[in-house]
S.K.: 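Have a look at this one before I ask anything.
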Amino acid sequence: MLPLLLEDVSFVAGGRAIIDRVSCELEVGPRTVILGPNGSGKSVLMRLCHGLLAPTSGRIVWRGSRDRVRPRAQAMVFQRPVMLRRGAHANVTYGLKLAGIPKRERDERARDVLDAVGLKSVADRPARVLSGGEQQKLALARAWALDPEVLFLDEPTANLDPGATREVERIVDQIHGSGTKIVMTTHNLGQARRLADEVLFMSAGRLADHAPVERFFAQPSTGEVAAFIKGELPWS
Amino acid sequence: MIVAVDGQLYEIVLLSLQVSLTAVAIATVVGLPLGAALAIRRFPGRQVLLVSLNALMGLPPVVVGLVVYLLLSRAGPLGELGLLFTPTAMVIAQAILVTPIIAGLSRQVLEDAWHEYEEQLRSLGATPTAAAATLLWDTRYSLVTVVLAGFGRAAAEVGAVIIVGGNIYGVTRVMTTAISLETSKGDLPLALGLGLILVAIVFLINAAAQIIKSAAVRRYG
């Protein structure tokens with residue numbers, strides 16, 4: 001269903017342009033990381049792409065899909081995962097049921113994907129009593145089980161400790177390896193270096209840069225990008 | 001004194017529970033989906049509906065009794081059914097009284113949950129109906145409290161059941177109407193005994209629900 005084309009997309013709320021005339025194209029393949037300071041519009045841009053928000057003006061088109069507005073083969077993992085009040089396994093099969101997968105296959109897929117993210121031993125535990133890291137891994141499993149063509153991740157490690165962050169990054173890499181296009185936001189430069197193939201840099205609602213990761217860090221295109229890279233490095 | 005009126009008392013308590021529990025069951029079946037729809041759907045006139053619903057939560061039982069009486073009386077539109085002064089009429093009146101309470105309180109619980117769940121459920125492609133069912137299931141412990149509030153209201157009210165039931169001994173006499181009657185007759189010990197039983201029943205049901213709820217929350221988070 002890719003490429004995903006954004007044409008002059010703006011999103012206005014309360015009289016303020018949170019996304020300001022963004023145009024770009026996301027292709028099959030490279031892992032795209034959306035970078036930028038807090039409040040730059042990263043999360044809103046991602047919600048527009050995923051179809052949770054509708055642009056105030058401009059167009060978002062899935063050029064390779066028959067359903068150009070909101071094709072189903074996409075999933076999203078949120079910064080704070082919403083765990084349904086049921087077991088871990090049931091959290092995964094819930095999404096599969098909504099996607100219309102038959103019961104037998106649901107159970108099988110859920111078992112496989114929980115195994116792949118390392119949650120096999122807690123599959124029957126209530127999701128809400130799992131640790132923060134386990135919950136985020138479960139959210140990844142729930143999204144991965146849907147076998148999406150595109151997976152959006154909104155700051156998936158913002159609330160996690162370094163160990164859990166490493167595991168989440170490993171799983172994201174695995175999902176990428178299975179052929180899913182990764183689009184992820186972060187404000188963590190180290191993570192961007194580790195996971196990105198290309199970087200979208202957002203600043204005050206505008207798309208300030210769109211570059212391969214090596215070029216983005218080696219030759220910052222603007223003073224703003226250079227300042228962000230320099231300013232953020234000590235905490236990355 | 002409680003022992004002395006054993007047989008009579010047993011019938012009165014049983015009928016009270018039958019009427020109020022049936023009314024609450026009906027109000028739950030109607031009220032919870034209504035609360036869920038109001039929590040999830042955005043439509044013109046929603047605000048007006050919410051204000052009306054909140055106002056209806058404080059509906060005076062005697063007014064409900066009067067309206068149902070007019071509907072069911074011989075000359076009323078539903079007079080032919082011959083329901084006036086039967087337990088069914090009491091169930092109808094209490095269900096009308098309790099439905100806005102269950103709908104209004106559950107709407108609040110479900111709307112809070114919807115704020116938390118909305119993006120995730122929409123991301124997974126849930127239809128409004130599927131989302132409503134998920135919210136109802138995931139807030140089940142809080143909704144128990146909502147239903148109990150409805151039961152408390154039904155079991156405690158006297159105004160509606162005395163008008164549409166008529167407080168007929170052996171047919172429509174329930175605890176609250178019996179207390180009212182015995183008090184006006186001057187049989188204060190009997191009235192007090194019935195009052196104690198009524199309070200004990202409401203207390204026990206609430207305690208049981210609370211214990212189940214906290215055990216479940218501890219276990220499932």
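Throughout, protein chains are lettered first and strands after them, A, B, ... in sequence-line order, and every chain is numbered starting at 1.
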S.K.: Measuring from B:Glu119:CD to A:Arg47:CZ, what's the distance to the nearest 0.5 Å?
M.R.: 4.0 Å

S.K.: Take atom CZ of B:Phe85 as the centre, draw a 6.0 Å sphere, and report whether it contains more than 12 heavy atoms from other residues, nucleotides or ligands.
M.R.: yes

S.K.: Could you name the residues of residues 44-60 of chain B that have a heavy atom within less than 4.5 Å of a heavy atom in chain A?
M.R.: none

S.K.: Does any part of the side chain of A:Leu98, heavy atoms only, come nearer than 4.5 Å to the side chain of B:Leu121, both counted from C-beta?
M.R.: no

S.K.: A quick test of your reading: do over 12 heavy atoms of other residues, nucleotides or ligands sit less than 6.0 Å from CZ of A:Arg166?
M.R.: no

S.K.: Does anything in residues 131-141 of chain A pair up under side-chain hydrogen bond (donor to acceptor under 3.5 Å, both in side chains), and if so which pairs, sequence neighbours excluded?
M.R.: A:Ser131-A:Glu134, A:Lys137-A:Glu167

S.K.: Given that the side chain runs from C-beta out, which part of A:Leu130 has a heavy atom under 4.5 Å from chain B: side chain, backbone, both or neither?
M.R.: neither

S.K.: Considering only heavy atoms, give the residues of residues 158-167 of chain B separated from chain A by less than 4.5 Å, sorted numerically, with 'none' for an empty result.
M.R.: none

S.K.: Between A:Met83, A:Arg80, A:Arg142, which is the residue that forms a side chain to side chain contact (heavy atoms under 4.5 Å, CB included) with B:Gln120?
M.R.: A:Arg142

S.K.: Taking 4.5 Å as the heavy-atom cut-off, does anything in residues 99-118 of chain B contact chain A, and if so which residues?
M.R.: B:Glu116, B:Tyr117

S.K.: Taking NZ in B:Lys213 as the centre, count heavy atoms belonging to other residues, nucleotides or ligands within less than 6.0 Å. Is the count above 12?
M.R.: yes

S.K.: Within a reach of under 6.0 Å around CZ of B:Phe203, are more than 12 heavy atoms found that belong to other residues, nucleotides or ligands?
M.R.: no

S.K.: Heavy-atom pairs under 4.5 Å with chain B are the metric here; pick the option from A:Arg72, A:Met76, A:Arg86 that has the most.
M.R.: A:Arg86

S.K.: With side chain to side chain contact (heavy atoms under 4.5 Å, CB included) as the test, would you mind laying out the steps for B:Ser123 and A:Phe152 before giving the verdict?
M.R.: CA-CA 10 Å; B:Ser123 171; A:Phe152 295 101; over 6 Å; no

S.K.: State whether the side chain of B:Asp138 and the backbone N or O of A:Arg85 hold a donor-acceptor pair below 3.5 Å, judged by distance alone.
M.R.: yes

